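Note that the structure is predicted; figures quoted are calculated from it, not measured. By convention in this document, chain letters (A, B, ...) are assigned in the order of the sequence lines, proteins followed by strands, and residues within each chain are numbered from 1.
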There are 2 protein chains.
Amino acid sequence: MKLSLKLEYACRAMAQLGLVYGQCGLVHVDSLADNERIPPNYLVQILNDLRNAGLVRSRRGKSGGYALARAPEAISLREIIEVVEPDLLEDRVVGDGVCGETVANVWREIAASFCMSVDSYKLADLMPTGRVEMYYI
Amino acid sequence: MKLSLKLEYACRAMAQLGLVYGQCGLVHVDSLADNERIPPNYLVQILNDLRNAGLVRSRRGKSGGYALARAPEAISLREIIEVVEPDLLEDRVVGDGVCGETVANVWREIAASFCMSVDSYKLADLMPTGRVEMYYI
DNA sequence: GACATCTTGGGTTTTTCACTCATAAAGTGA
DNA sequence: TCACTTTATGAGTGAAAAACCCAAGATGTC
């Protein structure tokens, strides 16, 4: 399963936000970037996309930062993929030539089962459960 | 499901070869390329890979060409992927940061289910069943 | 108003994709 | 043996995408 760095970053950042969900404090980009080893400048773009999609909310200025817009159990992995790498969910098969149709049909089935799979995973499944070493700022 | 052109070409070419399996004649590259709308020069490379992997056999010179090495029912979609785009089957997750581990675990599960899925599809499933318009040379 | 933080848009570097082309190797038929 | 046909192989190329970096602006808090 070839997943892009961008998608992995998004999953990790969301999981990290999930860990502090309910503590009603916002997390800074730099904090997220440090904890998950993500280039800060790149993470900003990803968080921006997630915010525009309504998965994350943010505030500017001093004591600004990011937080989940919903509970980790209410956000599916599929929603994250949809924001960051929508092509992974759509089945883009050309379907040209004599066997194009049948080949495309098979891939459509495979894609459908993949979609169902990522839809059943929730953000909570991406979060570590036990005691986690975290550095709050 | 974002599949590369190369993989789709491979599926279509293999399916096309499957259609003439058992007729003990070899198919030319140009014939395959025409029937499946694939750039001939590119198709040569793909067929070469498939041959090195033992999925296809070939002969040069006049009356040369390509044919399946096994029956369409005995070749799984997974084998084709393994040759043309192996990254799709391996789960390349970095797994860095605080949530890297858990995120990687989830993707491993998803990848495993994907592998099983493509393993259950056979080349025969990619071939059109009814009467097909084909131009034999 | 000073400062910290998010926001936005553009730019850059590296890699991958999807080919093309030239040349070599090998088989066929005369 | 020679001409011809077909596959074999490796190098090269143009465009696009991936993975970033940076700067200037907007918006908060103190």
Counting only side-chain nitrogens and oxygens, does [X] get under 4.0 Å of the OP1 or OP2 atom of [N]?
X       : N      : value
A:Arg51 : C:dT8  : yes
A:Tyr42 : C:dT13 : no
B:Ser58 : D:dA8  : yes
A:Tyr9  : D:dC20 : yes
B:Asn48 : D:dT9  : yes

Practice item. Go through A:Lys6 and A:Ile46 one step at a time and tell me if the side chain to side chain contact (heavy atoms under 4.5 Å, CB included) criterion holds. Key: CA-CA 8 Å; A:Lys6 187 177 183 183; A:Ile46 298 170; 4.0 Å; yes

Item to check | Any N/O donor-acceptor pair, B:Gln45 side-chain to D:dT7 base, under 3.5 Å | outcome: no

Between [N] ([atom2]) and [X] ([atom1]): distance, integer Å:
X       : N      : atom1 : atom2 : value
B:Leu43 : C:dT20 : CG    : C1'   : 14 Å
A:Leu3  : D:dA17 : CG    : P     : 19 Å
B:Arg57 : D:dT6  : CZ    : C1'   : 16 Å
B:Leu26 : C:dT28 : CG    : C1'   : 13 Å
B:Ile46 : D:dT7  : CD1   : P     : 15 Å
B:Asp49 : D:dT9  : CG    : P     : 10 Å
A:Lys2  : D:dA17 : NZ    : C1'   : 12 Å
B:Asp87 : D:dA18 : CG    : C1'   : 15 Å

By nearest-heavy-atom nucleotide on DNA chain D, the more 5' of A:Leu7 and B:Arg59 is B:Arg59

field: Flag, side chain of A:Arg78 to backbone of A:Val118, donor-acceptor distance under 3.5 Å
entry: no

Taking 4.0 angstrom as the limit, do [X] and [Y] come out as a salt bridge?
X       : Y       : value
B:Lys2  : A:Glu85 : yes
A:Glu8  : B:Arg92 : no
B:Arg70 : B:Glu79 : yes

Walking DNA chain C from its 5' end, the first of A:Val44 and A:Lys62 to be reached, judged by nearest nucleotide, is A:Lys62

5'-most contact on DNA chain C (nearest-nucleotide basis), B:Arg60 vs A:Asn52, goes to A:Asn52

From the candidates D:dT6, D:dA19, C:dA18, the one with an atom nearest any side-chain atom of A:Ser4 is D:dA19

Of C:dC19, D:dT7, C:dT5, the nucleotide closest to the side chain of B:Val29 is D:dT7

